[in-house]
Asks: 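Pasting in a structure now, in structure tokens, and then I'll have a few things to ask.
So you know, we letter chains A, B, ... as the sequences are listed, proteins then strands, and number each from 1.
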2 protein chains.
Amino acid sequence: MTSRLFSFAGGDTGAWRVTSVRAVVGEPIAQAARLLVVADAVAGSEPPSGRVLRGITSNERYVVRSEKEQLLAKQQGLGRPEATCAVLIPIRKSPAWWALTQDERRAVFEEQSHHTRIGLSYLPAVARRLHHCRDLSGNEPFDFLTWFEFAPEHEGAFNHMLAELRATPEWAYVEREVDIRLVRDGG
Amino acid sequence: MTSRLFSFAGGDTGAWRVTSVRAVVGEPIAQAARLLVVADAVAGSEPPSGRVLRGITSNERYVVRSEKEQLLAKQQGLGRPEATCAVLIPIRKSPAWWALTQDERRAVFEEQSHHTRIGLSYLPAVARRLHHCRDLSGNEPFDFLTWFEFAPEHEGAFNHMLAELRATPEWAYVEREVDIRLVRDGG
């Protein structure tokens, strides 16, 4: 069985060179020179702290069938040769978010914030993989890690997408967010 | 921070004596004399096999606000002195279930199968706690562990509830289910 667990280890190795680490809201994280992305990670005995983040790919929580079909039709995979820029965005949402029911979370996520619709308009330039952390151990520093890849000429569009998302009602529930920029240069 | 992670260890210790272990569908699990329920478990380096199951409490995935309010109004907590019977039901759902979108899963779960409505009609006699396993490591033997407690005189009602649920369209997606019966007798 293929593991769905990924780890993102800050250090001196890895194909991705860290160009900036910025705390958007809440506590910052430790800076590192490079990032090693490991697929099929093994769950650790403790939530890794500081320089290793981990998350697991899972079923989608909010999209409906019509949205999923649009995503599948437009999205491209990770690892495109021209996509030499990456951004890792760890996010933690507030207890108020997690106390909402499914219908309330969906309403904030899409009907009020148009999260999927905004994301769709930046496909296929921006490729993405979402990792969930909240249910790995109950004691993780973040709820989600989203990994984005795009070609350098699409960085402006990517920044515009982030600005749109960060202005939505959904982001009122984000209590910690870090923005880690990377370029692929071998390593 | 309180951990949401629980483990259920089959062995020779624990407050609960195992009275039966039955594979309802799919592969059986090892029999044990007693069950030790551990709150605030620490995530293991490997998915525990055989005699230890683990799961994590999380936000609800399907109930809407009106259903949640009915549940909160009627449900009782675990640990009632008279609730000396417990049942642990580990379940794994099929890949077809996890490939459904949120609206499709909700439709099967409630509009077609009335999962919450059936459960509500057995409150407050049956108390319950749901633990998620699927996103602990991506390599767990089950997707969910549900723990039920009730007084001996409600075992018939409990069995009737299980029969109702197992007859629903939702259960067509259950590919592995084990039914573990227990009584609390110190230990």
Asks: May I ask you to decide whether A/Asp135 forms a salt bridge with B/Arg4, counting only side-chain N to carboxylate O separations under 4.0 Å?
Replies: yes

Asks: Quick check on B/Glu60 against chain A: is it the side chain, the backbone, both or neither that has a heavy atom closer than 4.5 Å?
Replies: backbone

Asks: Please round to the nearest 0.5 Å and tell me the distance separating atom CG of B/Leu136 and atom CD1 of A/Ile56.
Replies: 8.0 Å

Asks: Can you get from A/Phe142 to A/Val25 by hopping between Ile, Leu, Val, Met, Phe, Trp and Tyr side chains that sit under 4.5 Å apart?
Replies: no

Asks: Kindly give the heavy-atom pair with the smallest separation between B/Ser3 and A/Ser137, and that separation in Å.
Replies: OG-O, 4.0 Å

Asks: Mind checking the OG1-OH spacing from B/Thr101 to A/Tyr62? Nearest 0.5 Å is all I need.
Replies: 14.5 Å

Asks: With chain B, which of A/Val63, A/Leu100, A/Thr57 has the greatest number of heavy-atom pairs at distances under 4.5 Å?
Replies: A/Val63

Asks: Before giving the answer on side-chain contact (heavy atoms from CB on, under 4.5 Å), spell out for A/Arg65 and B/Glu104 the whole-Å C-alpha distance, their side-chain angles and the decisive distance to 0.1 Å.
Replies: CA-CA 8 Å; A/Arg65 176 58 60 185; B/Glu104 292 166 339; 2.7 Å; yes

Asks: Would a hydrophobic clustering, with Ile, Leu, Val, Met, Phe, Trp and Tyr connected at side-chain separations under 4.5 Å, put B/Ile91 with B/Leu165?
Replies: yes

Asks: According to a hydrophobic-cluster definition based on side-chain heavy atoms being under 4.5 Å apart (Ile, Leu, Val, Met, Phe, Trp, Tyr only), do B/Leu120 and B/Leu130 belong together?
Replies: no

Asks: State, with a plain yes or no, whether a side-chain heavy atom of B/Arg61 is found less than 4.5 Å away from one of A/Arg61.
Replies: yes

Asks: What part of A/Arg134 lies closer than 4.5 angstrom to a heavy atom of chain B: side chain, backbone, both or neither?
Replies: both

Asks: Quick check on the hydrophobic clustering: are A/Trp171 and A/Ile180 connected, directly or via other members, by side-chain heavy-atom contacts under 4.5 Å?
Replies: no

Asks: Minimum heavy-atom separation for B/Val64 and A/Asp103, please, with both atom names.
Replies: CA-OD1, 3.2 Å

Asks: Please determine whether side-chain contact (heavy atoms from CB on, under 4.5 Å) holds for the pair B/Gln102 and A/Asn59, giving the CA-CA distance in whole Å, both sets of side-chain angles, and the decisive distance to 0.1 Å.
Replies: CA-CA 9 Å; B/Gln102 179 67 32; A/Asn59 54 295; 5.6 Å; no

Asks: So if you build clusters from Ile, Leu, Val, Met, Phe, Trp, Tyr with side-chain heavy-atom gaps below 4.5 Å, do B/Phe148 and B/Val174 land together?
Replies: yes

